[in-house]
Amino acid sequence: MTDKKVRVRFAPSPTGGLHLGGVRTVLFNYLFAKKHHGDFVLRIEDTDQTRYVEGAEQYILDCLKWCGLHPDESPVEGGPFAPYRQSERKCIYREYAERLVMQGHAYYAFDTAEELDKNRKEIPNFQYGQVYRETLRNSISLPQHEVDALLDAHTPHVIRIKMPADETVSFNDMIRGHVSFETNQVDDKVLLKADGMPTYHLAVVVDDYLMKISHAFRGEEWLPSAPVHLLLWEYLGWKAEMPQWAHLPLILKPDGHGKLSKRDGARLGFPVYAMTWFDAKTGELTPGFRELGFLPEAFLNLLATLGWNDGTDQEIFTLDELIEKFSIERVSKAGAKFDFEKAKWFNAEWIKRSEVGSLKPAVSKVLADKGIVVTDDEKLETVINLVKDRCVVLPDFYQQAGYFFEQPKEYDLNAVKPKWTDAKTDFFNALTELLSTGGDIEAHDLETKFKALAEEKTLKVGDVMLPFRIMLVGGKFGPHVFDIAALLGKEETIRRIEKALEAFSAPAP
RNA sequence: GGCCCGUUCGUCUAGGGGUUAGGACGUUAGAUUUUCAUUCUAGAAACAGGGGUUCGAUUCCCCUACGGGCUACCA
């Protein structure tokens with residue numbers, strides 16, 4: 001349409017944690033910007049002082065950082081259109097609202113919240129608009145001198161847009177195509193609140209204009225107020241510069257109905273926030289994908305494919321691939337139910353495909369949190385390579401890798417004790433004997449010797465293999481036993497056999 | 001209630017006037033793995049309903065149903 005520079009923005013209000021849908025909106029904005037060599041702006045929409053939550057802005061910043069979605073302009077980075085916090089831009093909105101009043105596209109309204117509540121309760125389908133406007137207290141219904149008097153007396157008032165009669169407002173949504181509304185059906189939204197702050201409706205239009213935003217992507221919940229925004233762009237005389245709109249489909253609850261909310265996470269047992277969010281006011285802790293052990297790459301990947309695909313069968317994408325292949329037109333129209341099972345699959349897939357080097361810091365941390373300090377870097381790498389195919393989330397590395405660095409704390413006794421015999425004790429004593437006289441363990445060699453010894457003792461290999469595993473790792477899991485033994489080394493393997501033998505052959509309590 | 005948006009396997013989706021309607025997650029069965037997981041193979045599983053348009057509709061149009069969103073001096 002125009003060759004103007006692509007500039008997009010993510011404009012959250014700092015009221016709490018960042019939800020899946022929010023991060024996906026960031027992602028789509030970011031991908032679009034990077035694909036078109038444009039700018040990605042972070043603007044904080046903190047115009048509602050009553051809902052402002054301490055720490056929420058920092059949290060949003062941290063989320064973007066964790067995801068690797070860095071804004072080109074933001075409240076902390078600054079930029080040519082600073083400030084990027086709407087509360088700090090308060091003084092600029094009034095001028096535009098007053099201009100609209102001058103032009104007759106907006107008006108002062110003096111009704112109190114109580115009066116309006118009463119109307120909403122008593123009048124079915126009450127709307128502050130076409131039908132009731134004249135009956136309420138505003139600069140359209142009241143004589144000029146009365147309005148002046150009220151204004152002079154500093155009577156609390158708001159400025160509302162005056163929706164025109166009998167017009168059709170329509171636009172072309174990049175995802176949905178042609179969308180249209182009848183102006184008679186939409187109400188006279190408040191533009192400027194009594195405290196002088198703009199509402200979202202005014203602020204978004206003014207700031208998108210001032211910040212030269214070229215494409216505006218937001219959740220589908222904004223679609224009904226789009227006509228207000230469109231009219232504002234027109235009335236303010238900026239129609240030619242209006243961004244292209246795209247309303248993203250919502251992320252829905254996996255089971256019941258409605259859009260996904262923070263409560264669903266607790267109810268269904270999965271995170272809905274990107275990172276854990278602690279609400280200082282309520283003391284409530286809402287878990288996040290990061291803390292649950294998701295890789296940011298996997299998190300982004302699963303979000304990207306929730307409502308978007310490139311038309312091929314590819315499902316695993318790196319950020320660079322997403323940037324290359326993304327197209328807003330290929331975003332689906334319908335809402336998507338969130339599926340945690342598939343989310344976990346993405347993460348497992350990413351862990352499998354990740355290089356040891358990139359996994360190492362995270363795994364070290366998982367182990368350290370459990371009190372295991374790894375000093376042998378080389379061993380850690382070997383271990384990670386050995387077990388990463390069996391981990392779905394990062395904390396799984398504790399179960400899968402922990403026993404390489406510390407003795408099993410407990411044994412799966414049910415798996416061995418009932419079938420334990422003196423012959424087995426004998427076998428393992430012979431094994432330690434054999435081990436201690438030989439050199440260091442080599443996996444293949446040990447396997448051969450182990451099998452030969454079993455035969456010699458007339459035991460089935462299978463009957464001593466599982467106990468051996470449980471001696472070394474504590475449970476029925478992990479890679480090949482002989483690989484484990486080799487990595488553990490001769491001394492440690494012997495130690496573990498001896499220790500376990502006591503537990504296995506002890507009489508049942 | 002009003003307005004707006006949507007509807008392909010259980011879930012995420014591809015496709016598009018003529019297809020055996022494809023893939024993925026999950027699921028089932030089998031193989032490999034003397035553990036568990038991975039991996040591999042195979043299977044079950046979908047075009048909401050009704051009218052048009054058309055030689056032919058899952059695909060285009062309309063209606064209905066269902067789902068979702070909005071309906072605050074919240075975003």
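Below, chain A is the first sequence line, B the second, and so on; all start at residue 1. Just so it is clear, the values below take in all heavy atoms, side chains as well, and ignore hydrogens, waters and symmetry mates.
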Worksheet item: Looking at B:rU13, B:rU38, B:rG2, which one has an atom nearest to any side-chain atom of A:Asn125?
Response: B:rG2
Worksheet item: Contact class for A:Asp173 (heavy atom, under 4.0 Å): base, sugar-phosphate, or nothing?
Response: nothing
Worksheet item: Between A:Glu220 (CD) and B:rA75 (P), how many Å, whole number?
Response: 20 Å
Practice prompt. Please state the C1' separation for the pair B:rC47 and B:rG10 - nearest whole angstrom.
Written response: 16 Å
Worksheet item: Contact class for A:Lys259 (heavy atom, under 4.0 Å): base, sugar-phosphate, or nothing?
Response: sugar-phosphate
Worksheet entry | Under 3.5 Å donor-acceptor, A:Arg160 side chain and A:Ala109 backbone | no
Worksheet item: Among the nucleotides B:rG23, B:rU7, B:rA24, which one has an atom lying closest to any side-chain atom of A:Asp313?
Response: B:rG23
Worksheet item: Quick one: which of B:rC3, B:rU13, B:rU35 gets closest to the side chain of A:Leu466?
Response: B:rU35
Worksheet item: Among all residues two or more places apart in sequence or in another chain, which pass the side chain to side chain donor-acceptor pair (under 3.5 Å) test with A:Tyr209?
Response: none
Practice prompt. For A:Pro479, report the nucleic acid contact type (base, sugar-phosphate, nothing); a contact means any heavy atom under 4.0 Å.
Written response: base
Worksheet item: Checking all strands, does A:Arg469 fall into the base, sugar-phosphate, or nothing category for heavy-atom contacts under 4.0 angstrom?
Response: base
Item to complete: Would you mind telling me which of B:rA75, B:rU34, B:rA14 lies closest to the side-chain atoms of A:Thr47?
Response: B:rA75
Worksheet item: A:Lys419 NZ to B:rU35 P: how many Å, rounded?
Response: 12 Å
Item to complete: Measure the distance from CD1 on A:Ile175 to P on B:rC5 and round it to the nearest whole Å.
Response: 14 Å
Worksheet item: Taking atom P of B:rA75 as reference, at what distance in whole Å does atom CD1 of A:Ile44 sit?
Response: 14 Å
Discussion item. Just checking A:Glu355: does its CD atom have more than 12 heavy atoms from other residues, nucleotides or ligands closer to it than 6.0 angstrom?
Written reply: no
What pairs of nitrogen or oxygen atoms, one from the protein and one from nucleotides 39-45 of chain B, lie under 3.5 Å apart?
unit_1 : atom_1 : unit_2   : atom_2 : d
B:rU39 : OP1    : A:Lys352 : NZ     : 2.8

Worksheet item: In whole angstroms, how far is the P atom of B:rA37 from the OH atom of A:Tyr398?
Response: 21 Å
Worksheet item: Quantified in whole Å, what is the C1' atom distance between nucleotide B:rU38 and nucleotide B:rG6?
Response: 39 Å
Discussion item. What contact category does A:Arg330 fall into here, base, sugar-phosphate, or nothing, at under 4.0 angstrom with non-hydrogen atoms?
Written reply: sugar-phosphate
Fill in: Polar pair under 3.5 Å, donor/acceptor by atom type, side chain A:Lys342, base B:rA24
yes
Worksheet item: Contact class for A:Gly475 vs. all strands (heavy atom < 4.0 Å): base, sugar-phosphate, or nothing?
Response: nothing
Worksheet item: Which part of the nucleic acid, if any, lies within reach of A:Val186 when heavy atoms closer than 4.0 Å are counted: base, sugar-phosphate only, or nothing?
Response: nothing
Worksheet entry | Distance, C1' atom - from B:rA75 to B:rG67, rounded to whole angstrom | 24 Å
Practice prompt. Could you tell me whether A:Lys451 and A:Glu455 have a side-chain N and a carboxylate O separated by less than 4.0 Å?
Written response: no
Item to complete: Inspect the contact between A:Arg137 and A:Asp111 and indicate whether a charged nitrogen and a carboxylate oxygen are less than 4.0 angstrom apart.
Response: no
Practice prompt. Name the orientation class of the two ring planes belonging to A:Tyr273 and A:His19 (parallel below 30°, tilted from 30 to 60°, perpendicular beyond 60°).
Written response: perpendicular
Worksheet entry | Sugar-phosphate only, base, or nothing, as touched by A:Val190 at under 4.0 Å among non-hydrogen atoms | sugar-phosphate
Worksheet item: Counting side-chain heavy atoms from CB outward, which of B:rA75, B:rU11, B:rG6 is closest to A:Ala334?
Response: B:rG6
Worksheet entry | A:Arg51/A:Asp48 salt bridge by N-O under 4.0 Å criterion | yes
Worksheet item: Does B:rU13 have OP1 or OP2 sitting under 4.0 Å from an N or O in the side chain of A:Ser332?
Response: yes
Item to complete: Ignoring backbone atoms, test whether A:Arg176 places a side-chain nitrogen or oxygen under 4.0 Å from the OP1 or OP2 oxygen of B:rG6.
Response: no
Practice prompt. Drop me the distance from A:Tyr128's OH to A:Leu136's CG, to the nearest 0.5 angstrom.
Written response: 4.5 Å
Worksheet item: Looking for any heavy atom pair under 4.0 Å, which part of the strands does A:His157 touch: base, sugar-phosphate only, or nothing?
Response: nothing
Discussion item. Below the 4.0 Å mark, does B:rC73 have OP1 or OP2 next to a side-chain nitrogen or oxygen of A:Arg120?
Written reply: yes
